[in-house]
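See below for the structure under consideration.
Numbering of ligands and ligand atoms starts at 1, following listing order.
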Amino acid sequence: MYDVVIIGSGPAGLSASIYAKRAGLKAVTLEQNPMSGGQVLNTYEVDNYPGLSGIGGFDLGLKFREHADKLACEFKEASVRTVRREEPEGFTVVTEQEEIKTRTVLAAMGATHAKLNIPGEEEFSGMGVSYCATCDGAFFKGKVTAVIGGGDVAVEDAVFLARGCEKVYLLHRRDELRAAAVLQKEVMEQPNVEILWDTVAERIEGDEQVKALRIKNVKTGEEKSLAVDGVFVAVGIIPASDILKDVAECDAKGYLQAGEDCALDTPGLFAAGDVRKKKLRQIVTAVADGANAVTSILEYLQSRTV
Ligand code: NAP
């Protein structure tokens with residue numbers, strides 16, 4: 001019987017495993033694949049994590065994991081299917097490999113990429129359509145690409161791709177970017193990035209590979225085709241909360257409804273990081289969640305033993 005099973009090994013899960021170990025809890029962190037770090041691994045450069053200015057996302061993920069390993073935190077590679085509540089208390093975490101008994105569960109599953117759901121997106125996925133510029137950008141060296149979205153990820157992707165691509169179109173559905181001001185400034189300084197305002201993608205076209213993107217200006221109604229070799233979709237994230245749908249409350253978008261103490265309504269169940277309903281989704285807030293969650297878990301466990 002574990003004190004806590006932490007599901008997910010992104011910044012929130014890794015921070016929680018470090019705090020849980022230091023608090024003397026019997027804890028295990030479940031990760032779907034052997035590469036800890038979550039979305040951070042796909043970030044080219046992280047410039048807002050205090051003390052580590054300009055560090056590569058992959059390197060930061062490794063550093064988090066090395067820290068946890070140094071403290072001998074326990075990890076298991078496991079795909080979680082569901083979490084079952086037991087009577088009178090505690091949970092069974094059902095994975096594809098085994099069933100794990102625990103007194104509490106910390107959900108730190110993060111989020112996955114949202115899709116555009118336009119014709120051609122699915123068909124050309126992996127053949128010019130990508131959701132990760134840092135993973136796939138190198139295939140488009142000297143080519144023309146389009147990034148869709150106006151948030152931090154889209155703007156970071158456009159800046160990253162501009163380093164190797166001949167030309168990058170950044171398509172945004174409004175006339176104002178959502179991304180942080182510092183990123184907006186950076187993208188506007190790139191000579192080979194053209195921002196197409198008020199523009200949506202209607203269809204991705206090609207043969208064996210992407211060849212064109214059909215776009216529409218939402219203000220003028222004008223439609224045209226852009227000749228592109230690659231399309232990078234960066235239209236937000238979807239919380240990976242599905243495995244908890246039987247035991248926890250989610251909001252309309254699927255975020256788990258926990259406050260700053262990371263406690264969900266179900267006693268013994270906690271949520272941290274991008275899967276939690278919150279205002280600011282950054283590495284630093286995910287890491288803070290991991291610490292807060294373990295503090296709440298300790299309080300919860302102590303309240304059960306007195
Ligand atoms: P996001 O901030 O939710 O932005 C999504 C963007 O996609 C928005 O500009 C949105 O337009 C647009 N969009 C959504 N659905 C669309 C559709 N169907 N068609 C066209 N455009 C669509 O998501 P994100 O950029 O993936 O970032 C996710 C979270 O991670 C955010 O909280 C972000 O702050 C954080 N993050 C932070 C950093 C950093 O601090 N350096 C880096 C990466 C990510 P509207 O603007 O019109 O809604």
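The other members of the hydrophobic cluster of V218, by chain and number, are V200 (side-chain heavy atoms under 4.5 Å, ILVMFWY only).
Nearest heavy-atom pair across V153 and A234 is CG1-CB, 3.8 Å.
Ring geometry for Y300 against F270 counts as perpendicular: the plane angle is over 60°, on a 0 to 90° scale with 30° as the lower cut.
Looking at Q209 and D229, their side chains never bring a donor and an acceptor atom within 3.5 Å of each other.
When heavy-atom distances to ligand 1 are checked against 4.0 Å, the residues falling inside are N48, L116, G149, G150, G151, D152, V153, E156, H172, R173, R174, R178, A234, V235, G236, R281, Q282, ordered by chain and number.
Contacts of T29 classified as side chain to side chain contact (heavy atoms under 4.5 Å, CB included), with partners at least two apart in sequence or in another chain: I6, S9, S17, F75.
Residue pairs meeting the salt bridge (charged side-chain N to carboxylate O under 4.0 Å, His left out) criterion with at least one partner in residues 111-136, sequence neighbours excluded, do not occur; the list is empty.
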